[in-house]
Amino acid sequence: MDFFHVLVVLLESTIRVSVPLVFAALAGLFTERAGVFDIGLEGKMLGAAFAAGAAAAVSQSVWVGLMAAILISVLLSLVHGYASITQRGNQIVSGVAINFIVAGSTVILGQAWFRQGGRTPALAEGARFQIINFPGADAVREVPILGPIYADLLSGHFLLTYLAFAMVPISWWILYRTRFGLRLRAVGENPGAVDTAGISVIWLRYRAVICCGILCGFAGAYLSLAMTAGFVKGMTAGKGYIALAALIFAKWRPKNVMFACLLFGFLDALAIRLQGTPLPLVGQVPVQLMQALPYILTVILLAGFIGKAIPPKAGGVPYVKER
């Protein structure tokens with residue numbers, strides 16, 4: 001296989017791995033722009049993945065699975081919203097609690113319902129997303145350069161893959177070109193000024209966490225209905241935390257979020273590609289080290305290259321209305 005084909009395969013894997021990161025990072029973008037820190041992205045993704053796998057296995061419908069994923073994720077987001085917005089609790093503690101509760105409950109429920117060690121049954125073709133091939137992809141596959149790019153890089157992905165990257169400009173438009181987005185960003189910077197204008201800070205922040213829940217639902221559904229054929233214990237594997245890191249790396253901007261997620265996806269795809277491959281002057285690298293490579297490089301990038309990342313001024317601070 002020549003270098004160009006290796007590059008195309010690597011980039012195709014990058015896109016595939018980046019999809020849940022893009023969804024989750026955009027989800028965190030909405031809440032954190034509204035002043036609500038959400039470290040529970042991991043738990044919401046995992047809960048959504050389990051709900052999608054379980055509902056699709058029972059109903060044999062991919063759409064029922066997707067709706068179940070969004071529903072569970074939104075409910076978990078509302079729990080976080082109730083704890084951190086209404087009750088003015090610590091947002092970090094609330095997010096961590098959601099992560100722990102979901103990690104344990106998905107295994108318990110999976111074992112109780114399906115008796116497969118916490119897994120859901122393997123999904124049939126009709127119960128999971130199928131890849132979408134563009135017209136003429138097979139015909140142009142052998143055309144030099146453009147053929148592999150069209151047939152392998154642009155075509156052959158799942159519906160949620162295209163939706164994830166479409167959500168980047170949509171999120172930008174919502175945040176920077178709509179009244180809702182303007183108010184959402186304002187409530188993350190100065191909620192007192194927003195309240196003075198007669199706008200409900202509480203309702204705005206609840207709408208932000210609902211948006212977060214919907215996007216995390218897509219991320220979880222992608223994991224269990226597209227990337228794999230069912231739910232597996234701990235299948236998010238820290239992607240929620242990586243998405244948070246990407247959000248900070250991108251300095252809370254939608255376009256930068258996409259590129260940061262693609263970078264982390266590329267590192268992950270590269271690590272998978274290099275497993276078992278002897279490197280020049282180094283030789284065989286242990287699999288465990290290659291699996292840790294994306295996380296190590298993430299820490300290095302965050303520590304050394306992003307510069308000063310300034311979060312929304314009211315981020316993490318419960319709003320108390322002045323009387």
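Predicted, not measured: the structure shown is a model, and the values here were computed from it.
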Considering all heavy atoms, the nearest Ala25-Val257 contact: CB-CG1, 3.4 Å
Are Tyr319 and Asp195 packed together at the side-chain level, in the sense that at least one heavy-atom pair is separated by less than 4.5 angstrom? yes
I'd like to check Thr120 versus Ser224 (side-chain heavy atoms, cut-off strictly below 4.5 Å). Are they in contact? no
Single-linkage hydrophobic cluster Ile272~Leu262, side-chain heavy atoms < 4.5 angstrom: no
For Gly147, does its backbone N or O pair with a side-chain atom of Glu142 as donor and acceptor, under 3.5 Å? no
Taking atom CZ as the centre, does Phe100 end up with more than 12 heavy-atom neighbours from other residues, nucleotides or ligands that are less than 6.0 angstrom away? no
Anything under 30° is parallel, anything over 60° is perpendicular, the rest tilted; go ahead and classify Phe129 against Trp63. perpendicular
Between Ala69 and Ala221, the two heavy atoms sitting closest are CB-CB, 4.0 Å
Enter the distance from Glu32:CD to Cys212:SG here, rounded to the nearest 0.5 Å. 9.0 Å
As an exercise, state the distance from CZ of Arg119 to OG1 of Thr228, rounded to the nearest 0.5 Å. 8.5 Å
Phe165 CZ: over 12 foreign heavy atoms closer than 6.0 Å: yes
Just wondering, do Ile85 and Val209 contact through their side chains at under 4.5 Å, heavy atoms? yes
For a side chain to side chain contact (heavy atoms under 4.5 Å, CB included) check, start with the C-alpha distance between Lys251 and Arg253, then their side-chain angles and the critical distance, and finish with the verdict. CA-CA 6 Å; Lys251 299 183 179 179; Arg253 293 187 176 91; 3.7 Å; yes
Does some side-chain heavy atom of Met167 sit less than 4.5 Å from a side-chain heavy atom of Leu26? yes
Strictly by modelled atom types, are Tyr206 and Thr86 linked by a side-chain donor-acceptor pair under 3.5 Å? yes
Supply the atom-to-atom distance Thr31 OG1 to Gln91 CD, rounded to the nearest 0.5 angstrom. 8.5 Å
What's the spacing between Leu184 CG and Phe30 CZ if we round to 0.5 Å? 7.5 Å
Linked, directly or transitively: Leu78 and Leu46 (ILVMFWY side chains, under 4.5 Å): yes
Within the structure provided, determine whether Glu125 and Gln130 are in side-chain contact (heavy-atom separation under 4.5 Å). yes
Student check: side-chain heavy atoms of Arg183 and Arg179 closer than 4.5 Å: yes
Please give me the minimum heavy-atom distance between Ala151 and Ala137, naming the atom from each residue. CB-O, 3.3 Å
Keeping the roles fixed (side chain from Asn99, backbone from Ile39), state whether a donor-acceptor pair exists under 3.5 Å. yes
Would you confirm whether His157, through its side chain, and Asn133, through its main-chain N or O, come within 3.5 Å as a donor-acceptor pair? no
Start with the C-alpha gap between Arg88 and Val320, add the side-chain angles, then the distance that decides, and say whether side chain to side chain contact (heavy atoms under 4.5 Å, CB included) holds. CA-CA 8 Å; Arg88 300 167 192 157; Val320 180; 4.1 Å; yes
Can you pull the ring pair (Phe, Tyr, Trp, His ring centres under 6.0 Å) pairs that have at least one residue in residues 217-236, sequence neighbours excluded? Phe23-Phe218, Phe50-Phe231
Any donor and acceptor pair, going by atom type alone, linking the side chain of Gln111 with main-chain N or O of Gly117 inside 3.5 Å? yes
To check you understand the geometry: which heavy-atom pair defines the closest contact between Gly89 and Pro318, and what is its length? O-CG, 4.1 Å
Expected output: side-chain Glu42 to main-chain Gly238 donor-acceptor under 3.5 Å: yes
CD1 on Ile174 to CG on Leu182, rounded to 0.5 Å: 14.0 Å
Testing the basics here: between Arg33 and Trp252, what is the closest heavy-atom pair and its distance to 0.1 Å? NH2-O, 3.0 Å
Quick one: are Leu244 and Phe249 in side-chain contact, heavy atoms under 4.5 Å? no
What is the distance from atom CG of Leu41 to atom NE2 of His80, rounded to the nearest 0.5 Å? 8.5 Å
Side chain to side chain contact (heavy atoms under 4.5 Å, CB included) between Ser155 and Ile132, worked out: CA-CA 7 Å; Ser155 175; Ile132 299 173; over 6 Å; no
So, for Cys261 and Ser18, which heavy atoms are closest and what is the spacing to 0.1 Å? O-OG, 3.3 Å
Can you check whether Lys239 reaches Leu223 side chain to side chain, under 4.5 Å on heavy atoms? yes
For residues Val64 and Leu163: do they belong to one hydrophobic cluster (side chain heavy atoms under 4.5 Å, members Ile, Leu, Val, Met, Phe, Trp, Tyr)? no
Could you check Phe134 against Tyr162 for ring pair (Phe, Tyr, Trp, His ring centres under 6.0 Å), going step by step and ending with a plain yes or no? CA-CA 12 Å; Phe134 288 177; Tyr162 300 108; 5.7 Å; yes
Please tell me whether Val96 and Ile101 are part of a single hydrophobic cluster in this structure, the criterion being side-chain heavy atoms less than 4.5 Å apart. no
Please determine whether side chain to side chain contact (heavy atoms under 4.5 Å, CB included) holds for the pair Leu11 and Asp152, giving the CA-CA distance in whole Å, both sets of side-chain angles, and the decisive distance to 0.1 Å. CA-CA 10 Å; Leu11 292 178; Asp152 298 326; over 6 Å; no
Linking I/L/V/M/F/W/Y whenever any side-chain heavy atoms sit under 4.5 Å apart, do Ile202 and Val79 land together? no
